[in-house]
Amino acid sequence: MNTKMIERLVLASAATLFAGSAMAHTGVGSVHGFTAGLTHPLFGLDHLTAMVAVGLWAGLVGGKARFAYPAAFVVTMVLAGIWGMTGAALPGVEIGIGVSVVALGLAIAFNLTPPLAAGVAICAAFAIFHGHAHGAELPEDASGLSYAAGFVVATAALHGVGLVLAAQIARYAPRLARFAGGAMAVAGIAFLAG
């Protein structure tokens, strides 16, 4: 990937900050199957940003984090989604989602490389909010299993996008990662304010 391609990716990513409001919650649109689950994380800007951030941070930390951070996020998100489907309440879900974007962005911006267990714990903790939000808001008439499968596939794919970006950024434009992390943190603040 050359410098021009990286610049285009950054500009496209920055343009998403000016997109319409996130539609990640309260049953916006159809949520009745695999395709709805697959596309859902792509249209909720808060979720999209957090998922890419997990992969980007994991890729920049490197080593076992490249697998462990995304895996911890996905597994915990699924468990929290099941918990949310039971009707259990989790106070501050939306705040937790916004804070996750800010914190992950700052971890990238400041090039934080915690011990593996700490990074895994951070990703898992944030996944609780993301998973619970979607489990709690899944309509009763939706096909929960197929929707969840689509959501998990999309989440893992977005983590993969972050991992690929990390590899390219580290190779061609190392300072760009800090900028991207800062932009993600700012986006998270906007989600919290919004």
Side-chain angles (χ1 to χ4, degrees), residues 1 5 8-10 12-59 66-88 90 93-94 96-98 100-101 104-105 120 123-168 180 183-184 187-188 191 194:
M1 184 176 280
M5 182 62 85
R8 289 180 187 142
L9 283 171
V10 170
S13 298
T16 64
L17 293 175
F18 300 101
S21 63
M23 294 174 22
H25 306 290
T26 63
V28 174
S30 173
V31 289
H32 299 282
F34 181 82
T35 303
L38 187 67
T39 58
H40 189 82
L42 305 176
F43 295 108
L45 193 54
D46 50 356
H47 291 285
L48 178 96
T49 306
M51 300 313 126
V52 172
V54 168
L56 181 57
W57 188 36
R66 286 179 291 177
F67 173 76
Y69 289 12
F73 194 100
V74 170
V75 169
T76 306
M77 183 187 72
V78 168
L79 295 173
I82 293 168
W83 177 40
M85 289 169 72
T86 68
L90 178 62
V93 170
E94 294 298 326
I97 290 170
S100 74
V101 177
L104 290 166
V120 165
C123 290
F126 290 143
I128 292 169
F129 296 105
H130 290 268
H132 187 278
H134 293 286
E137 296 169 352
L138 186 67
E140 290 180 22
D141 63 341
S143 173
L145 187 59
S146 61
Y147 177 84
F151 195 86
V152 167
V153 168
T155 296
L158 289 170
H159 290 332
V161 167
L163 287 166
V164 169
L165 286 174
Q168 296 303 314
M184 289 174 172
F191 300 147

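These numbers come from the heavy atoms of this one structure, side chains and all, not from hydrogens, waters or symmetry mates. Numbering starts at 1 and runs along the sequence shown.
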Handout entry: Pair H130 and F73, ring centroids less than 6.0 Å apart
Key =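 They qualify: ring centres under 6.0 Å apart.
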
For a 4.5 angstrom cut-off between non-hydrogen side-chain atoms, does [X] reach [Y]?
{"X": "L163", "Y": "R66", "value": "yes"}
{"X": "H47", "Y": "T155", "value": "no"}
{"X": "L158", "Y": "V54", "value": "no"}
{"X": "M51", "Y": "V161", "value": "no"}

Handout entry: Plane angle bin for W57 and Y69 - parallel if under 30°, tilted between 30 and 60°, otherwise perpendicular
Key = tilted

Exercise for the section: Anything under 30° is parallel, anything over 60° is perpendicular, the rest tilted; go ahead and classify H132 against W83. Expected result: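 Perpendicular, since the angle between the ring planes exceeds 60°.
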
Exercise: identify the closest heavy-atom pair between [X] and [Y]:
{"X": "A53", "Y": "M184", "value": "CB-SD, 3.6 Å"}
{"X": "V120", "Y": "A72", "value": "CG1-CB, 3.5 Å"}
{"X": "L90", "Y": "F129", "value": "CD2-CD2, 3.9 Å"}
{"X": "A80", "Y": "A127", "value": "CB-O, 4.2 Å"}
{"X": "A154", "Y": "P41", "value": "CB-CG, 3.7 Å"}

Problem - Rounded distance [0.5 Å steps], OG1 in T35 versus OH in Y147 - result: 12.0 Å

Problem - Gap between atom CZ of F126 and atom CD1 of I97 - 0.5 Å precision - result: 11.5 Å

Exercise for the section: Give the intermediate values and the outcome of side-chain contact (heavy atoms from CB on, under 4.5 Å) for residues L45 and L48. Expected result: CA-CA 5 Å; L45 193 54; L48 178 96; 4.0 Å; yes

